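In this text the structure is predicted, and so the values were computed from the model without any measurement. Below, chain A is the first sequence line, B the second, and so on; all start at residue 1.
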Amino acid sequence: MKQLGSLLWAEIIKEHRHSFHSKMIYFSLLVWPVINFVTAYYSFAPFRMGGDSPLARFISYEQLPLYLLTGYLGYIFYWCLVQSSWQMSFERQAGTMEMIFISPVNRLAFLYGRSLSSLIEGVWLFFCFVLLALFFVDGIRLSGWWAPPLAFLILLVSAIVWGGFLCVLFLFSRDASFLYTVLDEPMLIFSGVRLPPMAFPVWAKVISFCFPLTYALQLIRELLMERASLQTMLPSMGLLAAVLLVLVTATVVLLRQAEKHMKKTGNMVMY
Amino acid sequence: MLIAENVRKVYQVKEKKGWLRQQWTEVEAVADLSFRMVPGKIIGLLGINGAGKTTTIKMCSTLLTPTSGTITVDGYDAVKDDRFVKAKVNMIAGGERMLYWRLTGRENLQYFGSLYGLQGQALRNRIDSLLLQVGLYEAANTPVERYSKGMKQRLQIARGLINDPRYLFLDEPTLGLDAPIARQLRKHVSELASQHGKAILLTSHYIHEVEELCDEVYIIDKGRLVAHDTPEHLTKSLHLDTALQVVIPSLSDSLDYDLRQLAQDYGGSREIAETDEQTWEVTLRGKTDMTTPLLSLLAAHQSPVLRLSTQQPSLEDVILHMADRRGA
Ligand SMILES: Nc1ncnc2c1ncn2[C@@H]1O[C@H](COP(=O)(O)OP(=O)(O)OP(=O)(O)O)[C@@H](O)[C@H]1O
Ligand SMILES: [Mg+2]
């Protein structure tokens, strides 16, 4: 356990040095997500979602800021891990990936430790912003003090699992950068960051349910906006758990395959 | 002891043949190679580009699986029990890769140490002693991107020693280093074996590097072993002439005679050429080193020496020669 802590700490320092070498980082840490959030808010505002607006069936106007806030928080968590796993290709180029795989480090611990540290490095500022903003928005409906911490935990754990899975994909292929494109705009649109997936046509709903973020956001909103009790959350909880289980299993299996493949072809140094 | 037995590695290479068609071809990088590494001894793997040196090292360090053959490290199989093997081995490659450039030297070591489960005071102590050992203690808190090539290479060595490996693989460790720095590094490598009892496998393009450091040399060509011997035996049995060249300002008849005599005494040959600068270039070729008798001869004739150089047979010469001998 202490060893894990030491590995985590080393990952955090590494991540920190790699991202905090210029002040520009504050732009991507805070300014960019906040601008996104504000733009989204003002592009919805003109619709004045009255009772007859199509969206009003899913979000009440007073809850719109909260809806977008939670949406963007979830998105930033998940997107941060897309970027972090993309960094794997730099490890390949730098030859440091070989040095990781030459060591006996527990591969899963490494992947999840890496995800956690990128999260901590990548989202803390926007997270603080959201936390602060929560005091000013309307429409928070909690069934207990434990709801926000639970929502945070759900977001954190699901994001880490998601990050580990992405890392493995990048281990497998050096041409996985297409994921970067696939996961950018589509994840924003289909995961229900700005619009509820329930409002989508069927084909779009199907795509929605391919993104784990959809399930996480669903739960978080139930917790923060719908006064959900543990009991009423059970179905969504079960769904997310199932999705995460699938991701973890895929991660474990693919990880083993990826390492075997690398050892056979020697492609760990190719980029 | 590390024992490699009949190790073979075949890469499958995909070749594009037009649009959708592709063809797999096999590249045999290492063929039927066997060797042993024992504590305190340095063995050298010598070969020209593409001979299979790096592939061999990666198989020993569990980064590649051999296509056939076995590698055991203190009784553990490098494929099946790789977890145990990984704790005992490490690899250092020449060049400036394999480090995090934005991290300081110390942070790099901290990171790699934590991959081996090291932590806390024990890790800090190990890092301090390694930094001292490679002479980077003062530069420990400088980002690696500001290091010189030689410093990066030394940090690589510290990195390779972080898990206190019993078996160390060095892949062209002096690549791109200046002569004095390379010499210093060779000294360090030889101490690692003699004082710290490490078993070392060293690959190199440079025959003199291997001669200086290694207790045993394996020469490979296209993945196959062409010779295995001690460096001394190897150079002796090679029967390849070393050329000794000396430039002198004038050549008297008696000196000319004595030079011919000297070459004859040592079973070698002698060539004399007049250069453009009105000096004489004498070349003595032979299997034994004639430097000392030549210098005393010149001293006896009170002839100044303008330039003195020796030319070792090149690695290509050696390998071609070996391959010829095997073929014959
Ligand atoms: N990952 C790989 N996939 C396919 N072929 C490879 C791969 N790595 C090496 N080879 C081939 O295997 C052979 C041996 O390569 P290797 O890198 O082991 O040689 P080397 O002796 O280290 O050469 P150098 O002195 O240039 O470093 C070469 O023909 C090379 O093209
Ligand atoms: Mg090589």
Just by distance, do the side chain of B/K86 and the backbone of A/F101 share a donor-acceptor pair under 3.5 Å?
-> yes

How long is the gap from CH2 on A/W9 to CD on B/Q110, to the nearest 0.5 Å?
-> 10.0 Å

Does the side-chain contact (heavy atoms from CB on, under 4.5 Å) test come out yes or no for B/R97 and A/Q93, once each step is laid out?
-> CA-CA 8 Å; B/R97 296 169 74 237; A/Q93 280 174 36; 5.8 Å; no

Tell me, for B/D82 versus chain A, whether the close heavy atoms (under 4.5 Å) come from the side chain, the backbone, both or neither.
-> side chain

Flag side-chain contact, heavy atom, 4.5 Å: B/Y100 against A/T96 = yes

Under 4.5 Å from any heavy atom of chain A - which part of B/Y11 = side chain

Tell me, side chain or backbone of B/I162 under 4.5 Å from chain A's heavy atoms, or both, or neither?
-> neither

Counting heavy-atom pairs under 4.5 angstrom with chain B, the leader among A/S103, A/G113, A/A10, A/A109 is A/S103

Heavy-atom distance under 4.5 Å to chain B: side chain of A/I100, backbone, both or neither?
-> both

Is there a side-chain contact between A/N106 and B/R83 (heavy atoms, below 4.5 Å)?
-> no

Between the CE atom in A/M97 and the CE atom in B/M98, the distance rounded to the nearest 0.5 Å is 12.0 Å

Give, as side chain, backbone, both or neither, the part of A/F110 having an atom under 4.5 angstrom from any heavy atom of chain B.
-> side chain

Roughly how far apart are B/L63 CG and A/M262 CE, rounded to 0.5 Å?
-> 9.5 Å

Between CD1 of A/I102 and CG of B/N163, what distance do you get to the nearest 0.5 Å?
-> 8.5 Å

For chain A, the option from B/N108, B/T65, B/L115 that forms the most heavy-atom pairs under 4.5 Å | B/L115

Between A/E98 and B/K58, is there a side-chain N and carboxylate O pair less than 4.0 Å apart?
-> yes

Donor-acceptor pair, A/K14 side chain versus B/E107 backbone, under 3.5 Å?
-> no

Determine whether A/T265 and B/Q12 make a side-chain contact, defined as any pair of heavy atoms from C-beta on separated by less than 4.5 Å.
-> no

Engaged part of B/M59 at the chain A interface, taking heavy atoms whose separation is under 4.5 Å | neither

Would the number of heavy atoms belonging to other residues, nucleotides or ligands and lying under 6.0 Å from NZ of B/K88 be above 12?
-> yes

